[in-house]
Amino acid sequence: MKNESKNSKGMDEKLLKPYEPKETEDKIYEIWEKGGFFRPEINQSRTNNPNKGKTFTVVIPPPNVTGSLHMGHALNATIQDILVRQKRMQGYKTLWLPGTDHAGIATQNVVEKKLKKEGLSRHDLGKEKFIERVWEWKKEYGNIILGQLKKLGASCDWSRTKFTMDEDYAKAVKAAFLHYYKKGWIYQGDRVVNWCVRCQTSLSDLELEYEEEKGKLWHIKYPIKDSKKFITVATTRPETMLGDSAVAVNPKDERYKKLIGKTVILPIANREIPIVADRAIEMEFGTGAVKTTPAHDMLDFEIGQKNNLPVHKIINQFGKMTTEAGSEYEGLSAKDARGKIIIELEKLSLLEKTENYDHRVSKCYRCGKVIEPQISKQWFLKMDELAKKAKEAVKKGEVSFCPKRWEKVYFNWMDNIKDWCVSRQIWWGHKIPLEGVDDVLDTWFSSALWPFATLGWPEEESSDLKEFYPTQVISTARDIINLWVARMIFSSYEFMKQKPFTDIIIHPTILTKDGKRMSKSLGTGIDPMNLIEKYGADATRFGLIYQMMGGQDIHFSEDAIMAGKKFANKLWNIARFVSGQSEGLKPETKKSKQDEEIIKKLDDIINSVNKDMEEYKFGQALHTIYDFVWHDFADEYIEYAKKNQTDKTKEILCESLKKILTILHPFMPFITEEIWSVLPKKNNKFQHLSRLKLKPKMSELLITKEWLKQ
RNA sequence: GGGCGCGUAGCUCAGCCGGUUAGAGCGCUACAUUGACAUUGUAGAGGUCAGAGGUUCGAGUCCUCUCGCGCCCACCA
């Protein structure tokens, strides 16, 4: 940059012996950010650009404001950064739009926990004060994760950072809801929903977690009216029998065929209930006869509707028995009620047998409490029309999953789609914009609008929306394919009349070395910030991508990050050698066999890397660069060039290094930029590698003639 | 009950459309080295490519089955 001092060997003193990422990364990031290199208005300033006028847009999957960067984020951010940096260099007007999600339940829980330490509950504060506290919390901690992304080198346009509760974003949410409402697709209904008694809200099926639990299967005899016979039902939740409205059997079941239509005396409650037929009943399970509790089970609710059964809500929103459960039980917890029921049944000799039975229990994904399914009034969005279009989009290939196999997960969900329960009973979120309704919307309702609401929708005149929509790529984790990706797709077709993005990259899941899930609570997680601290951001990015092969899950090994650090050092020393060697060169104009070979090899690997990048095979691409740089360029050619110090080898060394830096830059942006900054350049237009513009194929560098020759 | 992925060196993984002595990183062994780099170089040890059968002139590579591991979906009460 400035007049560098040279030592006696002609080597830049700037290039210290070992590479120290700490000394360069923050400094370089500041240069990029201050220079506005990540802003599309600035990053496409060249005139002779073959991709002029073309945009490339990626919106980041907005991390929850509660979160801090985990390995999955780090991998995903690196993937996106590689993509946008490459496209930027290729001359696309490139926008990577960052932001955060208000994450209704998650954030509310975090703030509630904090209040608890002060001995307060949210009810002590009241709704308004509580929401104020959440905003305060968001102000203080909500952007931590964005700062961490910067440390990783993410080249987002921070001037366009969005939050799903921003004022303009709230307008978009409101507009979207009212649009559906006017269309008649929003309705209120009584449904059995997954109810979390702790969070006091309904949850969608996708917001549940399942846990295998050792339980029991109780076989209970229900007396048949005007007979001495019984019909035995099997249940894991005997306490719900107080709310039974029927016994259901499969119409094909020979054992029970004759009983269909008969009446049963429900024990304890002493109610008369019918035996009904339903094809959904599995004959093989339990006794093949199922007690039907419409208020507390989804399937039972449906059977109830088909058969016009009364609904007895016997458990309330706090998980306590209601008046309808009978005076003996009112006020008891469901668990206590169960114990009491069992004793009672034993007294009545109606308990036929008890089996051990392991089954999956659904739990709240945020607080882990057992879900209490119960009937409640909720708002729903009709899904049939929306799902149809979204399905077609993927079928027709307008939108594609990469790797393709993930589309199965999507289709499977779309084929079995149910109306979306969009109301939640928490306080932190977008209010449902209807008179007298104080529920809020499911967080994912707002996330579903992310690709266009961040660009200015519903303002028709938004220039960003016109210029940067639709986006090209979304990159995300598999577990939100349906929760988020599917919903963005149908939202976009509904509101924008077009696809939200073309390619959906589903990145690998990062597991521990022995294939276990990384989780904070299990203590198996690794904090990427520690890796950056220890090895540098470039090395961390390298290590993550280096392990990303074949679209499979990554059994994370820190060795790969270490290899990244070593590789950075290797590159650093290659640069020291290339920039240092300048005196006592023999004149030579002809290329030797070795010269020809290395030039060809480099051009070959650049083509191969470009091809892999187009197919999002980032791991393969990085392996190719690594192998070439270390083994072909350093081990072979540099050793050759040491023995043949000529004008020619010097020239080839310089040209090759510049090409290497260019192709490696999206992967390891800091060190490549740093080395670039100290290489002699004729024209200061090419001061920063991040602003370099290339032809689509990197092997044909736009400005080869101008800058390759020194 | 459906669906998906994986089983190749001690560990983490490459090996594309099937083709000569199966590769890398880390680890291990021996040697080298004050002029790019010990965060290095050279050489080396280490694999019946989960198992069985099949297709083929020829199979980690394609087909079938078996075993083992992991994940996802579904209203088995």
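Here is the naming used below: chain letters follow the sequence lines, and residue numbers restart at 1 for every chain. Fair warning: this is a prediction, and the values are worked out from it, not measured in the lab. Hydrogens, waters and symmetry mates are skipped; everything else that's a heavy atom, side chains included, is used.
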What does A:E639 touch in the nucleic acid at a heavy-atom separation under 4.0 angstrom: a base, only the sugar-phosphate, or nothing? base
For B:C4, take OP1 and OP2 only and decide whether either is under 4.0 Å from a side-chain N or O of A:K408. yes
Whole-angstrom distance between B:C16 and B:U61, as gauged at atom C1': 10 Å
Tell me which nucleotide, if any, is Watson-Crick or G-U wobble paired with B:U39 when both distances must be under 3.5 Å. none
Mate of B:G27 where both pairing distances stay under 3.5 Å, Watson-Crick or G-U: none
Does a side-chain N or O of A:H631 approach OP1 or OP2 of B:U42 to a distance below 4.0 Å, or not? no
Which of the following nucleotides, B:C37, B:G25, B:C75, is nearest to the side chain of A:K642? B:C37
Of the listed B:C37, B:A36, B:C73, the closest approach to the A:N412 side chain comes from B:C73
Between B:G54 and B:G18, how far is it from one C1' atom to the other, in whole Å? 15 Å
Mind telling me if B:G25 is syn or anti? Syn here is a glycosidic angle within 90° of 0. anti
When rounded to whole Å, the CG to P distance for the pair A:D632 and B:A24 reads 13 Å
Can you check whether A:F401 and A:W406 have ring centres sitting under 6.0 Å from each other? no
Under a 3.5 Å limit for both distances, which nucleotide forms a Watson-Crick or G-U wobble pair with B:C69, could you say? B:G5
Could you tell me if the side chain of A:I481 sits less than 4.5 Å from the side chain of A:I504, heavy atoms only? no
Between B:G47 and B:U40, how many Å separate the two C1' atoms, rounded to a whole number? 28 Å
Nearest to the side chain of A:F285 - B:C76, B:U39, B:A36? B:C76
Could you check whether A:N416 gets within reach of a base, just the sugar-phosphate, or nothing at all, counting any heavy atom under 4.0 Å? nothing
Please test A:N607 against A:D603 for side chain to side chain donor-acceptor pair (under 3.5 Å), starting from the C-alpha separation and ending with a verdict. CA-CA 6 Å; A:N607 284 327; A:D603 284 346; over 6 Å; no
Give the C-alpha distance, both sets of side-chain angles, the deciding distance and a yes or no for side-chain contact (heavy atoms from CB on, under 4.5 Å) between A:I79 and A:M548. CA-CA 10 Å; A:I79 290 168; A:M548 188 185 156; 3.7 Å; yes
Could you tell me how far apart A:I506 (CD1) and B:C73 (P) are, to the nearest whole angstrom? 14 Å
Given the rule in the side-chain contact (heavy atoms from CB on, under 4.5 Å) test, do A:L75 and A:M71 qualify, once you have shown the distances and angles that lead to the verdict? CA-CA 6 Å; A:L75 174 65; A:M71 295 298 278; over 6 Å; no
If you check the A:T236 side chain, which of B:A77, B:G25, B:C75 turns out closest? B:A77
All heavy atoms of A:Q620 vs all of A:M549, minimum pair found to be N-SD, 3.7 Å
Quick one: look up who B:G18 pairs with, Watson-Crick or G-U, both distances under 3.5 Å, and put none if it's unpaired. none
Considering only side-chain heavy atoms of A:D635, which listed nucleotide, B:C76, B:C75, B:U42, is closest? B:U42
Name the nucleic acid region contacted by A:K513, choosing base, sugar-phosphate or nothing; use a 4.0 angstrom heavy-atom cut-off, strictly under. sugar-phosphate
So what does A:V290 touch, heavy atoms closer than 4.0 Å: a base, only the sugar-phosphate, or nothing? base
Please tell me which of the listed nucleotides, B:C4, B:C37, B:C75, lies nearest to the side chain of A:K570? B:C37
Spacing between A:N573 atom CG and B:G41 atom P, to the nearest angstrom: 11 Å
Nearest-nucleotide comparison on RNA chain B, the residue closer to the 5′ end among A:W630 and A:A563: A:A563
Length of the line joining A:N482:CG and B:G3:P, which is rounded to integer Å: 18 Å
Give me the distance, rounded to whole Å, that separates B:G35 from B:A45 when you measure between the C1' atoms they each carry. 33 Å
At under 4.0 Å between heavy atoms, what does A:A248 touch on the DNA or RNA strands: base, sugar-phosphate, or nothing? nothing
Members of residues 542-561 of chain A that approach RNA chain B, where some heavy atom sits under 4.0 Å away: A:Y546, A:M549, A:Q552, A:H555, A:D559
Using whole Å, report how far CE of A:M414 lies from P of B:G3. 21 Å
Students often get this wrong, so: under 4.0 angstrom with heavy atoms, is A:H296 touching a base, only sugar-phosphate, or nothing? nothing
Just one of A:I663, A:V609, A:L602 clears the side-chain contact (heavy atoms from CB on, under 4.5 Å) bar with A:F628, so which one? A:L602
Ignoring hydrogens, what is the shortest heavy-atom contact between A:P508 and A:D553? Give both atom names and the distance. CB-CA, 4.1 Å
Under a 3.5 Å limit on both distances, the Watson-Crick or wobble mate of B:U61 is none
At 4.0 Å (heavy atoms only), tell me whether A:I638 reaches a base, stays on the sugar-phosphate, or touches nothing. base
Paired with B:G47 by Watson-Crick or G-U wobble geometry, both distances under 3.5 Å: which nucleotide is it? none
Which nucleotide, if any, forms a Watson-Crick or G-U wobble pair with B:U34, using both distances under 3.5 Å? none
Grab the CZ-P distance between A:F401 and B:G3 for me, whole Å please. 19 Å
Using atom C1' in both nucleotides, what's the gap between B:C13 and B:G5 to the nearest angstrom? 15 Å
If we take the P atom in both B:C63 and B:U56, what is their distance in whole Å? 16 Å
Roughly how far apart, to the nearest Å, are B:A59 and B:U64 at atom C1'? 15 Å
Using atom C1' in both nucleotides, what's the gap between B:A22 and B:A30 to the nearest angstrom? 25 Å
Would A:K395 and A:E407 pass as an ion pair if we require N to O under 4.0 Å? no
Sequence neighbours excluded, which residues qualify as ring pair (Phe, Tyr, Trp, His ring centres under 6.0 Å) partners of A:H312? none
Taking the nucleotide of RNA chain B with the closest heavy atom to each, which residue, A:E636 or A:H359, is nearer the 5' end? A:E636
When rounded to whole Å, the NZ to P distance for the pair A:K216 and B:A77 reads 16 Å
Going through the distances and angles, do A:S475 and A:N76 end up as a side chain to side chain donor-acceptor pair (under 3.5 Å)? CA-CA 7 Å; A:S475 177; A:N76 196 204; 2.5 Å; yes
Separation of B:C37 atom P from A:F577 atom CZ, nearest Å, is 10 Å
